[in-house]
Amino acid sequence: MNDRYRDVSHEGEPQPEARPPWRRGRRIAVDVGDARIGVASCDPDGMIATPVETVPAGGRSQARILAIAEEYDAIEVIVGLPRSLSGKEGPAAAKVRLYAGQLAVKLAPVPVRLVDERMSTVTATHGLRASGVKAKKGRSVVDQAAAVVILQSALEAERVSGRPPGESVYVYTRLAWTSDPDAGPGRPRPPGPLFLSQARSGTANSSGKPVRDSRGGTAMTDQDFTPGLTPGHLGAPPNEPEGRPPGLGPLHEPPDPERLRTGLACALTALALVVLIGGAALTGWSWWQGQRKQPTADYAGGGTGVVEISVPQGAGLIQIAGTLVRKGVVASSQAFTKAAAGSGSAAGRIQAGTYTLRLKMSAASALAVLIDPANANGLTIPEGWRGTQVFAAIDQKLKLPKGTTERAAQEQVAELGLPEVTNGRPEGYLFPATYSVTGDTTPVDLLKQMVQQAGKDFASEDVETVAAAMGQTPYGVLTVASLVQGEADNSEDMAKVARVIYNRLAQKMPLQLDSTINYALGRSTLDTTVTDTKLDSPYNTYLHQGLPPTPISNPGRQAIRAAAEPAAGDWLYFVTVKPGDTRFTDSLEQHARNVAEFNALRAAQGSPSPGAEKH
C-alpha cells in the first residue's frame, strides 16, 4: 500500500488504513463573481472538469444553478471561496459564504461545499491565453474556465485524500445530520420536500444537548442554527470547526505542529498546487474544446420500432437527451442538444408528457416529435384549480370511476409527502403544470409529482425567508398566494392584491374576500349577497379575521411570486370594476365610489347587485 494511505501512530508504528471509496457521480462547480457566475461540471467518474455556461449574477442565478444541478443529476455542488495567498478571508469571501448558504437551502438534499479558490481566475486567464483564446472571447468564458479550475482542484484533492475537500455548508431545515464520518461530514437526509424547513424537528434533553433521532442521526435543537445560515458564516472565527454540527467534532484531526510551515511557505505551496491543478483543469478545457470539433454521433432517418419516453415536469434539455440515449432513441446527447440549439427556441417547447418515438432516430427527427404538443400524453393542471377539480381531471385522464382519486388522496395521504402543517389536506400543493402519464401511472403517482413540484417552486421563491420577514409562516404565504390567484383579474395586478392582503392583516382588518366564500360554497361567481357574508364557515373572511384555515386553490408561479414579492403601497381596498380595470385605494370613500360603479355595471348587464361591501 502506498505510504500516503498509511497513518503513523503516536508510537511511530504504521497502522494500515483502508482508503475511502471514490465517490462516483457528477459534481457542479460554481465560481461566484459580482457580474457573472461560471459553472463547470465533471464526468460521472469525476476525472475531467469541463465548462457548462456563464450565468448572469443576480436574483435568478440560483434558480439557474439549481436547474443545472438537476439536469446533470449532480451529487454535490462546489462553490469557490476566495481567499488571499495567506489564507485570509475578506468581504468577497463573506459574500460567497452568504451565497453558498442560500444555495444550500434551495439545493438540499444535494450538499454544497466551499473550497479554496486562490488564484483560480488568474490561472484560468493565463491558461486561456496560452491555449490561443483571444482576449475578447476569453472574457466571455473566463468565469467558466475558473469554475473548471475549482472543480478539477477539488476532484484531485479528493482522489488523493479520499475525502471531499473544503467545508460543508450546513442547512438547518428539519434534517437529520449523519454522524458516520465515512458517509461524508454532516450530509443531511430530509424526510420530505424542502418546504418542510419551517417545521423544526430538533429535540434536546434537559441539558440542551442534541439527541439521536430514530435514523441514527443527531437531531438539532432550535438553539443550534438559524435557518438558512451556516456556522462560520459571514466572517465567523476561522478556528471554529468549519460548520460541523455541535457534538460531532472537527472535520479533520488538527495538524501535527511539526508539519506546520510559515505563512509564506504555505502561500507558495498553495500557489504551486493551484498552478499544477490548473494545468490539469485547462487540459480538460482543451479536451472539451476539441470534443466540440469532433463529428457528433447521430443516426439517420426516422428509426424503427416503438418506444415510450416520459418527460417529467421541469426536465432540462440535457436530462431529456440522456433519457433518449438510454432508451436507444438517439445516438448521442450531443446530437440532440445540437439539433435543439439549431432550432432556436424549440427546446423550450418540449412539454412534460409521455411520447411515442422510434429506436435509432436522427436527433432532428426525435426533436420534431417532442416539440409537438399533440404528441405529449400529459395531464395539464391549470393555475387556480381547486383540489376537487384536480381529482376529477385525474379520474378522467386515467379513465377511473368518479371519486377514485379523491379517495386515494384521503386513504394514502401519508405517501403524498405533504408537510405536517397541512394536516393531510393537499389544497395548495397540487402544483399547476403538465405531468407525464403512462399506462402504469396511478392517482397517487400524479399527486406525489404535484406535491414535489410545489416544493421546488416554493423553495425557488425563497418563501421561508419572505414569510419570516412578514411575520407569516410559509404555509400562510402559500395561502395568500391562493387568495391572490382567486382575486386578481390579471397577472399585472397580483402583486398589488397581495399587498392589500398583507396590509389588512397588519391592521387586523377582516379580509372580506368573495373568493373564500365561493370556496366554502363550492362555486365560482362574481356576486356575493348579504346572506353569503353571514355564512357560518371558517372560510368566511367577512366574519372571521385573518387568513382562512387552508389555501383555497392551487396557485401558480406568478401568484406565489406575488405573495413572496408584494408591490409597495398603502392600499386597503380593491375592486375589479370591469375586466382589466381593477382599482386600488387606501380611501374607504373612494372605494365606495368604485364599488358603486361596479354594481351599476353589473345591473346594466342584468346581474343582481351583490349588496355587500367589496374587499
Side-chain angles (χ1 to χ4, degrees), residues 193 195 313 352 378-437 441-455 457-458 475-488 494 511 513-529 532-533 535-542 544 547-560 563:
F195 49 76
Q313 174 64 31
L379 171 65
T380 299
I381 304 300
E383 297 177 344
W385 265 17
R386 297 170 185 165
T388 53
Q389 294 172 289
V390 176
F391 298 150
I394 294 176
D395 286 343
Q396 183 177 7
K397 184 67 178 179
L398 300 183
K399 297 180 173 57
L400 299 172
K402 184 178 180 180
T404 300
T405 300
E406 187 167 8
R407 284 193 301 274
Q410 295 169 353
E411 296 170 359
Q412 299 173 258
V413 64
E415 299 180 30
L416 303 185
L418 291 165
E420 292 180 4
V421 69
T422 65
N423 293 318
R425 294 171 293 191
E427 195 76 84
Y429 291 92
L430 305 179
F431 193 78
T434 299
Y435 299 92
S436 58
V437 176
T441 300
T442 68
V444 172
D445 291 337
L446 286 170
L447 295 175
K448 286 171 65 176
Q449 288 183 52
M450 294 174 190
V451 173
Q452 290 169 359
Q453 188 61 42
D457 271 75
F458 214 37
Y475 190 58
V477 174
L478 180 59
T479 301
V480 170
S482 73
L483 300 177
V484 169
Q485 189 77 66
E487 291 285 340
M494 284 183 170
L511 295 180
L513 299 176
D514 297 347
S515 57
T516 61
I517 292 178
N518 286 337
Y519 182 76
L521 294 173
R523 71 182 190 189
S524 297
T525 180
L526 293 175
D527 301 318
T528 302
T529 66
D532 292 336
T533 64
L535 178 69
D536 183 14
S537 169
Y539 290 90
N540 185 350
T541 53
Y542 282 85
H544 301 284
L547 295 172
T550 71
I552 64 169
S553 69
N554 296 282
R557 289 188 179 91
Q558 289 181 315
I560 293 174

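Being a predicted model, the structure only gives us computed values, none of them experimental.
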Nearest heavy-atom neighbours spanning Ile560 and Pro555: CD1-O, 4.1 Å

Stepwise side-chain contact (heavy atoms from CB on, under 4.5 Å) test for Leu447 and Ile394: CA-CA 9 Å; Leu447 295 175; Ile394 294 176; 3.7 Å; yes

Pairwise side-chain contact, Lys448 with Val444, heavy-atom cut-off 4.5 Å (strictly under): yes

Criterion side-chain contact (heavy atoms from CB on, under 4.5 Å) on Thr550 and Thr422, from CA distance to verdict: CA-CA 8 Å; Thr550 71; Thr422 65; over 6 Å; no

Reference residue Lys397; test side-chain contact (heavy atoms from CB on, under 4.5 Å); the match among Leu379, Leu446, Thr441, Thr405: Leu379

Nearest heavy-atom neighbours spanning Leu535 and Ala520: CD2-CB, 3.8 Å

Nearest atoms (heavy-atom pairs only) where Ala563 meets Val480: CB-CG1, 4.0 Å

Point-to-point distance, once rounded to the nearest 0.5 Å, from OG1 of Thr516 to OH of Tyr542: 8.0 Å

Side-chain donor/acceptor of Thr541 to backbone N/O of Leu513, under 3.5 Å: yes

Side-chain donor or acceptor of Asn518 paired with backbone N/O of Thr525 under 3.5 Å: yes

Taking every non-hydrogen atom, the tightest pair across Pro549 and Tyr539: CG-CZ, 3.6 Å

Test item: side-chain donor near acceptor, Ser553 and Ser482, under 3.5 Å: no

Donor + acceptor pair across side chains of Asn540, Ser537 (<3.5 Å): no

Heavy-atom check, side chain of Lys402 versus side chain of Gln396, under 4.5 Å: no

Plane angle bin for Tyr429 and Phe458 - parallel if under 30°, tilted between 30 and 60°, otherwise perpendicular: perpendicular

Leu483 side chain near Pro548 side chain, heavy-atom distance below 4.5 Å: yes

Asp532 side chain vs Thr529 backbone, donor-acceptor pair below 3.5 Å: yes

Nearest heavy atoms of Phe431 and Tyr435, plus distance in Å: O-OH, 2.6 Å

Gly556 to Pro432 - nearest heavy-atom pair and separation: CA-CG, 3.6 Å

Short side-chain to backbone donor-acceptor contact, Asp457 and Arg557, under 3.5 Å: no

Hey, can you pull the donor-acceptor pairs under 3.5 Å for the side chains in residues 381-393, sequence neighbours left out?
| residue | atom | partner | partner atom | Å |
| --- | --- | --- | --- | --- |
| Arg386 | NH1 | Arg523 | O | 3.2 |
| Arg386 | NH2 | Arg523 | O | 2.6 |
| Gln389 | OE1 | Arg386 | N | 2.8 |

Leu400 side chain reached by Pro443 side chain, heavy atoms, under 4.5 Å: yes

For Asp395, all residues meeting salt bridge (Lys or Arg N to Asp or Glu O under 4.0 Å), sequence neighbours excluded: none

side-chain contact (heavy atoms from CB on, under 4.5 Å) between Gln485 and Gln558, intermediate numbers included: CA-CA 9 Å; Gln485 189 77 66; Gln558 289 181 315; over 6 Å; no

Close side-chain approach of Leu547 to Leu511, heavy-atom, < 4.5 Å: yes

From Gln453 atom CD to Met450 atom CE, the distance as rounded to the nearest 0.5 Å: 10.5 Å

